[in-house]
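What follows is a single structure, written as structure tokens, with notes after it.
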2 protein chains.
Amino acid sequence: MTRVLIVDDEPQILRAMRINLRARGYEVVVADTGAGALSAAASAVPDIVILDLGLPDMDGVEVIHGLRGWTRVPIVILSGRAESRDKVGALDAGADDYITKPFGIDELLARLRAVARRGGEQGASPIVRFGRVTVDLAAHRVTRAWPAADGTDGPLGADGRVSPGSGAGGDVGDVGDGAAGEERVDEVHLTKTEWGLLRVLVSHPGKLVTQRQLLTEVWGARYETETHYLRTYLNRLRQKLEDDPARPRHLLTEPGMGYRFQP
Amino acid sequence: MTRVLIVDDEPQILRAMRINLRARGYEVVVADTGAGALSAAASAVPDIVILDLGLPDMDGVEVIHGLRGWTRVPIVILSGRAESRDKVGALDAGADDYITKPFGIDELLARLRAVARRGGEQGASPIVRFGRVTVDLAAHRVTRAWPAADGTDGPLGADGRVSPGSGAGGDVGDVGDGAAGEERVDEVHLTKTEWGLLRVLVSHPGKLVTQRQLLTEVWGARYETETHYLRTYLNRLRQKLEDDPARPRHLLTEPGMGYRFQP
DNA sequence: ATCCTTGTTAACGGTTTGTTGACACCCCCA
DNA sequence: TGGGGGTGTCAACAAACCGTTAACAAGGAT
């Protein structure tokens, strides 16, 4: 879900936009000062920032500079001033679009889609690595490197049996050629549910995620009590991703509370 | 130097903008029709396109679609129409910004800098190759090379029967002459829908594309649930493009999630 | 020691997907 | 105006996949 930070000092505008954007499926975070905007952008890490230029504590261009110092998040300016000088200043400071009030909500939404579209395509795709596993959240792709030292280990267990859920039509195939001393990199095929679970966990690196949160985000609110799903699927993920599934090092259990992804 | 393609049918505007942009250090290419814009974009490969919506030969949104079919070059719309409906249509078709006339040249230049700032980082080759297939996104053309080793194989199966979905009036004809040791290269004819599907997939190489995204981009938002279209058309594409359509290596299914183009 | 939570494995069956074929529509052409 | 090839849409069936469930083992806490 796209997360939008709205920065405006007029409560009624803030409220109207929050309602509108939430109704369109955006996740909304708000701030009503420039300083609040900068700290909210750092903590909430929004996908888009909507910034009103007429803030009480800071000049709008200063806010843009403050953001651009460390992030390339798309910034859409809302302003009552339609003068060319203001637009040029804001755009050259690093804003991506400039809309003058009054504006239509449809136009705002279309412009948000436009900047989000561009913003989403570029930039380092969010890649998470742990152990020998690489998770590409944008491409929905998981790869796992296997040591080639002994040459025989790999997706096939020591007993030669195909481990359940790996191989068997799911894997695309080896990328490496298996030559001695080289690493083999295999695609790890995850089902929709497995992927959803892994996504939630790696999105909160190092943090404890409660069972309830996992169940609602992956299965839906009605599954809040089906904790055995978590056990089954954590087991599957560990089988596919952990070097020693019986002694997980990255997908950890916090008994009585939930699970934790340890990078 | 940044190359800008200006598309407008009013000579005086064309002239004024050419002078202004050249004075600012831009290289300027012009076109005064939609068709001319598409061919100029393909041959001149501009860094930015400035597009007037009121062209005589094509609807502006069609031009945007024609460009977005193969390139992500930033598109800035100029239009006399300020209605929300026009803006939304153009932006959702893939435009990056929308400026209503009359406009200040300073604002235009600032918006060009804003889109160029982001656009310069990407840019993909309009030609995609995988296996024996070459996809030219700019020319809307797909070719497939056949091994000439045994001399008899090709679009005709070993039993002499025309393989379903290829050939059968679709192929334009052999380009190669079939001499021993040479490769034969055949045009692969794709229908509009097939092309749209392939375009979306190869535009996101290696990434998973959800069923919803494919359906909305190729068929439209109202077809979001018609997943059987995807199955039918993926089958057709595999028949035409995969060496072994039953075991696709490049047009892959991710069960429950979507499809992936694997270069 | 016993109970509760968690881990592990296997199997069933519904759902999704692949595949084929039929049919209506449209445009071009005679 | 009628015919025919090409295309989009839809239905039906087979096959593969994966969510769900069950059963039991293991570990830890009270």
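In what follows, chains carry the letters A, B, and so on, assigned in the order in which the sequence lines appear, proteins first and then strands, with residues in each chain numbered from 1.
Under the 4.0 Å criterion applied to side-chain N and carboxylate O atoms, D243(B) and R144(B) are assigned as salt-bridge partners. Under 4.0 Å is where a charged nitrogen must lie from a carboxylate oxygen, and between R68(B) and D96(B) at least one such pair does.
Checking dG8(D), dT20(D), dC18(D) against the side-chain heavy atoms of T193(B) singles out dG8(D) as nearest.
Taking only side-chain nitrogens and oxygens, W219(A) comes nearer than 4.0 Å to OP1 or OP2 of dT20(D). Put simply, T191(A) has a side-chain N or O that comes within less than 4.0 Å of OP1 or OP2 on dG19(D). Regarding contacts with the backbone of dT19(C), every side-chain N or O of H228(B) stays at 4.0 angstrom or more from both OP1 and OP2. Contact check, Y233(A) against dG19(D): a side-chain N or O comes under 4.0 Å of OP1 or OP2. Distances shown here put a side-chain N or O of Y223(A) below 4.0 Å from the OP1 or OP2 atom of dT20(D).
Within the nucleic acid shown, R247(A) has no heavy atom closer than 4.0 Å to any nucleic acid atom.
A cation-pi contact links R236(B) to Y233(B), judged by a cut-off of 6.0 Å to the six-membered ring centre and 45° from its axis.
Looking only at side-chain heavy atoms (C-beta outward), I127(B) and V135(B) stay at 4.5 Å or farther from each other. Between T210(A) and M257(A), every side-chain heavy-atom pair lies at or beyond the 4.5 Å cut-off.
When the C1' atom of dT19(C) is taken as reference, atom CD of Q239(B) falls 9 Å away, rounded to whole Å. In this structure, L252(B) atom CG and dA16(D) atom C1' are separated by 16 Å, rounded to whole Å. Whole-Å rounding puts the W195(B) CH2 to dT7(D) C1' distance at 18 Å. The nearest whole Å value for the distance from the NZ atom in K192(B) to the P atom in dC25(C) is 19 Å. When the C1' atom of dT17(C) is taken as reference, atom NE2 of H189(A) falls 13 Å away, rounded to whole Å. The distance from atom CD of E194(B) to atom P of dG8(D) is 7 Å, rounded to the nearest whole Å. Taking atom CZ of R222(A) as the reference point, atom P of dT20(D) lies 10 Å away to the nearest angstrom. Separating the CG atom of L190(B) from the P atom of dG8(D) is a distance of 10 Å, rounded to the nearest angstrom.
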| query | Is there a salt bridge (Lys or Arg N to Asp or Glu O under 4.0 Å) between E27(A) and R22(A) once you walk through the steps? | reply | CA-CA 6 Å; E27(A) 187 182 340; R22(A) 285 219 171 121; over 6 Å; no
Give me the distances for all protein-to-nucleotides 3-7 of chain C N/O pairs that come in under 3.5 Å?
unit_1, atom_1, unit_2, atom_2, d
dT6(C), OP1, Q211(A), NE2, 3.4
dT6(C), OP1, G256(A), N, 3.0
dG7(C), OP1, R238(A), NH1, 3.0
dG7(C), OP1, T253(A), OG1, 2.5
dG7(C), OP2, Y259(A), OH, 3.0

Please tabulate, one pair per line, all N/O donor-acceptor pairs under 3.5 Å involving side-chain atoms of residues 247-256 of chain A, not counting sequence neighbours.
unit_1, atom_1, unit_2, atom_2, d
T253(A), OG1, R238(A), NH2, 2.8
E254(A), OE2, R260(A), NE, 2.9
E254(A), OE2, R260(A), NH2, 3.0

